[in-house]
Colleague: 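Have a look at this one before I ask anything.
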Amino acid sequence: MPLIVQKFGGTSVADSNKILAAARKAIRAKMEGNQVVVVVSAMGHTTDELIGLAKQITETPAAREMDMLLSTGEQVSISLMAMAIHSLGHEAISMTGAQMGIVTDSTHTKARIRSISTERLRRALESGKIVIAAGFQGIDDDFNITTLGRGGSDTTAVALAAALNADACEIYTDVDGVYTTDPRLVPEARKTNRISYDEMLELATAGAGVMHNRSIEFAKKFSTPVHVRSSFSDVPGTFIVAQPEAPNQPVCGAAVIKNEARVTLRGLPDRPGVAAQVFAQVAAAKVPMDMIVQNVGAGGKADISFTVPRDELPSVRKVVEQVSQQLGAESVSYDDDVSKVSVVGLGMATQPGVARTMFRALAEKGINIDMITTSEIKISVLVARDFAQEALRTVHEAFGLSIAPPNAAAPGEGAGAADRRNHTKELLARLERMEDLIIEDITLDESQARVTLVDVPDRPGLAAQCFDEIAEAGINVDMIVQSVGNEGQANISFTVPQADYQRAAVKAADLAKLLGSPAPASSPKVAKLSVFGIGMKSHTDVAARMFRALAEAGMNVEMISTSEVRINVVIAGAHGAKAVDVLRREFAEALV
């Protein structure tokens with residue numbers, strides 16, 4: 001019998017009428033011949049109200065007791081949902097995270113799922129009951145209640161769908177699907193019929209609030225189709241599956257994170273191990289880093305910039321001040337008034353000119369770019385927060401995202417059932433490490449060269465001017481990094497095919513003269529290393545481990561760029577093959 005997991009968020013169960021409406025959807029799915037598991041969040045703003053109550057008692061509540069308190073919100077929802085289904089003449093049973101056998105680690109308020117024991121769930125389903133599951137919670141090995149942190153109910157739903165090898169996971173919410181961007185900020189945003197796991201992962205971490213990245217990690221890891229749809233209608237929503245809506249479309253969506261903070265360490269010693277030391281200490285503080293940029297050093301010095309959520313800045317400042325003194329950085333600066341704007345699309349990996357289009361569109365609006373980082377399917381820029389919404393609208397318009405591509409997939413097309421081969425011992429083994437880091441591949445590209453513009457004027461249109469010149473010369477650019485330089489200046493590095501190196505170096509020299517900047521620092525042969533996988537951002541120590549392993553092998557990192565699913569670094573060309581071996585040993589336990 002087909003099995004469906006349905007998830008209803010807080011707004012979808014905010015009052016008795018909405019709970020009854022959700023119950024009817026679950027019953028309808030059951031009557032259509034499916035086994036049904038319903039995951040519910042706490043009603044409305046219950047979680048916020050519980051946090052407020054705790055704050056009235058103490059400003060620093062114990063994390064364990066916060067989990068005990070917050071878990072009660074979902075218990076209210078599941079019991080009321082079960083009552084609603086009973087009142088409508090059908091059988092249901094409510095279960096907490098502990099009763100379902102969701103075992104987590106002991107990191108209170110943001111625990112990771114270690115395993116799910118499905119025996120009790122399956123017995124209830126086989127007896128004909130609809131199972132009502134509490135989202136957001138589990139227990140650790142000592143039977144302490146734990147909660148999963150932001151997006152925890154989504155994570156529960158997709159994790160249960162994976163563990164039960166469900167045919168689909170339906171996420172019911174107050175929007176009717178995944179849009180090309182937030183329609184509250186850009187009214188012309190378009191609902192997509194389908195989006196790939198990788199695109200959704202990048203958009204989730206770039207600021208799209210429809211789905212949390214951990215839930216998409218589960219979906220991708222276990223090939224679970226996810227259907228994001230409205231709680232208030234029966235129209236098809238957006239299917240999150242392996243393939244994109246339109247493979248030839250370079251960009252599928254744009255997103256913004258408004259409340260970012262930038263940290264920049266200038267004048268660090270340009271030697272192996274510096275980046276590793278910085279990021280190891282930040283990772284140890286459990287601070288999630290977003291954009292990470294290291295640019296090529298000049299005069300034996302290098303600069304490192306990274307962003308963190310704005311509310312994490314006070315805690316990260318202590319760590320950064322300490323590490324900057326240890327390493328002898330010339331200066332440290334902070335900016336808590338910045339936002340990140342990103343465009344995402346699988347198609348940009350094969351279609352040149354995406355970065356140029358983005359930079360030119362922002363330049364024409366007079367929006368200055370503070371930082372740039374790119375990956376194969378995402379380009380992110382850091383801008384002043386006052387320009388964030390305008391920047392989002394600008395890039396959305398520049399890529400014509402409000403218009404459906406001519407070859408777009410129809411609703412539901414390509415969103416088949418989960419791979420039934422998952423009924424194997426391999427699946428059971430993977431369920432024992434549900435949220436472990438998974439490294440899908442470590443690759444080496446030895447075909448590229450690097451060009452670096454140093455101390456160029458930091459002004460609106462800088463990136464557009466640089467990459468217009470490069471594009472007009474017919475040179476394809478791969479990796480791009482722009483970092484904050486000295487006062488009023490920026491450094492821009494990019495990689496190009498080695499065959500184009502001489503022309504790119506000449507263009508860069510001409511640009512440097514035009515801009516009144518020092519001569520470019522370039523290299524005709526570099527090695528680009530990529531670590532690609534699932535859980536790259538939620539496992540905060542991946543970057544630190546990568547940099548440490550390279551440093552211990554005596555290899556200096558020249559460039560860094562990061563995304564949700566990939567970390568790219570550039571090192572000296574002669575070290576490429578050895579570096580791959582080093583990283584494969586470092587991540588051996590996570591490689592699949």
Colleague: Using a strict cut-off of less than 4.0 Å between a Lys/Arg side-chain nitrogen and an Asp/Glu carboxylate oxygen, indicate whether Glu440 and Lys221 qualify as a salt bridge.
Modeller: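 Salt bridge: no.
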Colleague: For the residue pair Thr192 and Glu245, confirm or rule out a side-chain donor-acceptor distance under 3.5 Å.
Modeller: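 Their side chains do not contain a donor-acceptor pair, so the 3.5 Å distance test is not met.
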Colleague: Between the main-chain N or O of Ala549 and the side-chain N or O of Glu586, is there a donor-acceptor pair closer than 3.5 Å?
Modeller: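 Checking the backbone N and O of Ala549 against the side chain of Glu586, no donor-acceptor pair under 3.5 Å is found.
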Colleague: Using salt bridge (Lys or Arg N to Asp or Glu O under 4.0 Å) as the criterion, point out the one residue from Lys378, Lys340, Arg310 that pairs with Asp290.
Modeller: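 Of the listed residues Lys378, Lys340, Arg310, the salt bridge (Lys or Arg N to Asp or Glu O under 4.0 Å) partner of Asp290 is Lys340.
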Colleague: Should Asp198 and Lys220 count as an ion pair when the cut-off is N to O under 4.0 Å?
Modeller: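 Result for this pair is yes, salt bridge flagged.
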Colleague: What pairs of donor and acceptor atoms, side-chain ones from residues 2-14 against any protein atom, are under 3.5 angstrom apart with sequence neighbours left out?
Modeller:
| unit_1 | atom_1 | unit_2 | atom_2 | d |
| --- | --- | --- | --- | --- |
| Gln6 | NE2 | Glu170 | OE1 | 3.2 |
| Lys7 | NZ | Asp154 | OD1 | 3.0 |
| Ser12 | OG | Ser231 | OG | 2.4 |

Colleague: Who passes ring-ring contact (aromatic ring centres under 6.0 Å, His included) against Phe136, sequence neighbours left out?
Modeller: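 Applying ring-ring contact (aromatic ring centres under 6.0 Å, His included) to Phe136 gives none.
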Colleague: List the steps and the verdict of salt bridge (charged side-chain N to carboxylate O under 4.0 Å, His left out) for Asp441 and Arg584.
Modeller: CA-CA 9 Å; Asp441 204 0; Arg584 287 190 176 276; 3.3 Å; yes
Colleague: What residues, two or more places apart in sequence or in another chain, satisfy side chain to side chain contact (heavy atoms under 4.5 Å, CB included) together with Val316?
Modeller: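 Testing Val316 for side chain to side chain contact (heavy atoms under 4.5 Å, CB included), a comparison that skips the adjacent residues, returns Val263, Val282, Val287, Phe306, Val308, Leu313, Val320.
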Colleague: Name the atoms and distances for all side-chain donor-acceptor pairs under 3.5 Å in residues 18-40, with sequence neighbours left out.
Modeller:
| unit_1 | atom_1 | unit_2 | atom_2 | d |
| --- | --- | --- | --- | --- |
| Lys25 | NZ | Ser233 | O | 3.3 |
| Lys25 | NZ | Asp234 | OD1 | 3.0 |
| Arg28 | NH1 | Asp234 | OD1 | 3.1 |
| Arg28 | NH1 | Asp234 | OD2 | 3.3 |
| Lys30 | NZ | Gly128 | O | 3.4 |
| Asn34 | ND2 | Ala29 | O | 3.0 |

Colleague: Could you verify whether a donor N or O on one side chain and an acceptor N or O on the other, from Ser94 and Ser79, lie under 3.5 Å apart?
Modeller: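 The answer is no; no qualifying pair exists.
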Colleague: Could you name each residue pair satisfying side-chain hydrogen bond (donor to acceptor under 3.5 Å, both in side chains) that touches residues 38-60, not counting sequence neighbours?
Modeller: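 Matches after skipping sequence neighbours: Ser41-Ser153.
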Colleague: Does any donor atom in the side chain of Thr104 or Asp140 lie under 3.5 Å from an acceptor atom in the other side chain?
Modeller: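 Distance-only check fails for Thr104 and Asp140.
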Colleague: Please check if any side-chain donor atom of Glu74 sits under 3.5 Å from a side-chain acceptor atom of Ser77, or the reverse.
Modeller: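 No donor-acceptor contact under 3.5 Å links the two side chains.
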Colleague: With a 4.5 Å cut-off on side-chain heavy atoms, are Arg120 and Gln99 touching?
Modeller: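 Of all side-chain heavy-atom pairs linking Arg120 with Gln99, at least one is under 4.5 Å.
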Colleague: Under the rule for side chain to side chain contact (heavy atoms under 4.5 Å, CB included), what residues qualify as partners of Glu552, not counting sequence neighbours?
Modeller: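 Expected list: Arg548.
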Colleague: Any donor-acceptor pair under 3.5 Å linking the side chain of Thr238 with the backbone of Val178?
Modeller: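 Indeed, once roles are kept as given, a pair shorter than 3.5 Å links the two residues.
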